[in-house]
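Please read all numbers here as calculations on a predicted model, not as lab measurements.
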Amino acid sequence: MNSTPPQAVAKLRALLTGRARPYTRPGSVSAIAKQPRSGPVAVGPLGLADDEQGDPRVHGGPDKAVHLYPAAHYARLAERFPAAASHLRIGSMGENMSTADLVEADVRIGDIWRVGTARLQLCQPRNPCWKIDERYGCEGMAEFIAHERLTGWYWRVLTQGTVSPGDALELEHSDPLAFTLAEAMLLWQAHRPQLADLERLAASPGIADHWRQKIATRIDWLCKNTGQTPPPVVAFHVKPENP
């Protein structure tokens, strides 16, 4: 673990926002379909100006302010789900930012990046949900994204500012001993991970509070049930039984 991410500078390939609209099921709303912006966009504590979330229970908020999805993942998804290949394009996964230069193994929990005049801190992976399956008409895509850890990540906004397409993403601070996001997700999904590793992950500076609490709950369960089979980790939001 803790291999050094290979680069400290990337290019913002696209900047995207979207409005919440009625979705596939009665009563459901989503802003997963993002559209590229051509000029500067203000970034505040809750994300990009003019961007919305369809379900604030699981999307949005300070620890899910800005979502980056690696552009490289689309080719892998198209290979696994060829029927959806023509629809798998930048912005269709609900991301606000896209880069071809970074994936989950290249970034660490707590990393602080400068983009435009804003400063962003990586705090958690995205948990994909059933709306991805329905968007592409491919049952199992959200589960595949979660299990293969092709999730992208959320940033909180440390310093408000303005961001433009083509801006450089510059790494301002990274703890070389922190888990990469890829390592953190692999540890989180492990059947019975080492408690010391989970405790170190929970103590990561900058980690999202909600994820920290989930890790702490799991640590508590593992400590109290050493001889029992742990419940599986739910890595994606399943479709609700009722609309």
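Residues G39 and P165 approach most closely at O-CD, 3.5 Å, considering heavy atoms. The two residues A85 and A78 come nearest to each other via the heavy atoms CB-CB, 3.9 Å. For V66 against G47, the heavy-atom pair with the smallest separation is CG2-CA, 4.1 Å. Annotation for V107 and W113: closest pair CG1-CZ2, 4.0 Å, computed over non-hydrogen atoms. Nearest heavy-atom pair, A142 versus P128, reported as atom, atom and distance to 0.1 Å: O-CG, 3.5 Å. Of all non-hydrogen atoms in S98 and I90, the two that sit nearest each other are OG-CD1, 3.6 Å.
The shortest side-chain heavy-atom distance between L201 and E183 does not fall under the 4.5 Å cut-off. Between T180 and D106 there is no side-chain heavy-atom pair separated by less than 4.5 Å. Between V9 and L169, every side-chain heavy-atom pair lies at or beyond the 4.5 Å cut-off. Taking the side chain as every heavy atom from C-beta outward, K11 and D101 approach each other to under 4.5 Å. Looking at heavy atoms from C-beta onward, V115 lies in side-chain contact with L12 at the 4.5 angstrom threshold. At a threshold of 4.5 Å between non-hydrogen side-chain atoms, the residues D111 and W153 do not count as touching. Residues I207 and C123 are not in side-chain contact: their nearest non-hydrogen atoms beyond the backbone lie 4.5 Å or more apart. With contacts defined as side-chain heavy-atom distances shorter than 4.5 Å, the pair M93/I145 qualifies.
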For this session: Please assess H73 against E104 for the test side chain to side chain donor-acceptor pair (under 3.5 Å), listing each intermediate value before the final yes or no.
Result: CA-CA 10 Å; H73 291 342; E104 291 79 1; 2.9 Å; yes
For this session: Let me see the working for E199 and I219 under side chain to side chain contact (heavy atoms under 4.5 Å, CB included), right down to the final yes or no.
Result: CA-CA 7 Å; E199 289 167 351; I219 290 170; 3.7 Å; yes
For this session: Apply side chain to side chain contact (heavy atoms under 4.5 Å, CB included) to the pair N127 and T151, showing each step before the final yes or no.
Result: CA-CA 7 Å; N127 284 345; T151 63; over 6 Å; no
Problem set entry | Verdict with supporting geometry, H87 and Y136, ring pair (Phe, Tyr, Trp, His ring centres under 6.0 Å) | CA-CA 7 Å; H87 302 289; Y136 297 104; 7.4 Å; no
Problem set entry | Test salt bridge (Lys or Arg N to Asp or Glu O under 4.0 Å) applied to E172 and R114, step by step | CA-CA 6 Å; E172 176 184 294; R114 286 186 176 272; 2.7 Å; yes
Exercise. Could you go step by step and tell me if V43 and Q160 meet the side chain to side chain contact (heavy atoms under 4.5 Å, CB included) rule?
Worked result: CA-CA 6 Å; V43 182; Q160 301 181 59; over 6 Å; no
Enumerate donor-acceptor pairs with a distance under 3.5 Å from any side-chain N or O in residues 225-233 to protein atoms, sequence neighbours excluded.
{"residue": "N225", "atom": "OD1", "partner": "Q228", "partner atom": "NE2", "Å": "3.0"}
{"residue": "N225", "atom": "ND2", "partner": "W221", "partner atom": "O", "Å": "2.8"}

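Its side chain outside the 4.5 Å cluster rule for every partner, V29 clusters with none of the Ile, Leu, Val, Met, Phe, Trp and Tyr residues.
Between H67 and Y154, the ring planes lie tilted relative to each other; the angle falls in the 30° to 60° range.
Checking side-chain atoms of Y69 against main-chain N and O of R126 turns up no donor-acceptor pair under 3.5 Å. In terms of modelled atom types and a separation under 3.5 Å, the side chain of T162 and the main chain of A42 share no donor-acceptor contact. Judged purely by atom type and a 3.5 angstrom limit, R89 uses its side chain to pair as donor or acceptor with the backbone of S86. Of the possible polar contacts, none joining the D133 side chain to the W130 backbone as a donor-acceptor pair under 3.5 Å is found.
Going from atom OG of S30 over to atom CD of Q53 covers 10.0 Å, rounded to the nearest 0.5 Å. Rounding to the nearest 0.5 Å places CG of L181 at 5.0 Å from CD1 of I109. With rounding to the nearest 0.5 angstrom, the CG atom of L198 is 6.5 Å from the CG atom of L222. Rounded to the nearest 0.5 angstrom, L88 CG and C138 SG are separated by 7.5 Å. Remark: L16 CG to L68 CG distance equals 10.0 Å, nearest 0.5 Å.
Contacts of H173 classified as side-chain contact (heavy atoms from CB on, under 4.5 Å), with partners at least two apart in sequence or in another chain: I112. Scored by the side-chain hydrogen bond (donor to acceptor under 3.5 Å, both in side chains) test, R212 finds no partners at all (sequence neighbours excluded).
A cation-pi arrangement is present between R200 and F179 under the rule of less than 6.0 angstrom and at most 45 degrees off the ring axis. Both the sub-6.0 Å distance and the 45° axial angle are satisfied by R218 relative to the ring of W188.
For residues 62-88, the pairs satisfying salt bridge (Lys or Arg N to Asp or Glu O under 4.0 Å) are D63-R156, R76-E148, with sequence neighbours left out. Listed by first then second residue, pairs satisfying salt bridge (Lys or Arg N to Asp or Glu O under 4.0 Å) with a partner in residues 26-51 read R19-D50, K34-D51, R37-D50, not counting sequence neighbours.
Around CD of Q189, the count of heavy atoms belonging to other residues, nucleotides or ligands within 6.0 Å exceeds 12. In R13, the CZ atom is not crowded: 12 or fewer heavy atoms of neighbouring residues, nucleotides or ligands sit closer than 6.0 Å.
Of the candidates V157, L158, V163, T159, L120 forms a side-chain contact (heavy atoms from CB on, under 4.5 Å) with just one, namely V157.
One hydrophobic cluster, built from ILVMFWY side chains closer than 4.5 Å, holds both F144 and I132. Y74 and V103 fall into different hydrophobic clusters, defined by Ile, Leu, Val, Met, Phe, Trp and Tyr side-chain heavy atoms under 4.5 Å apart, directly or through other members. Hydrophobic clustering keeps L46 apart from V41 (ILVMFWY residues linked when any side-chain heavy atoms are closer than 4.5 Å, directly or through intermediates).
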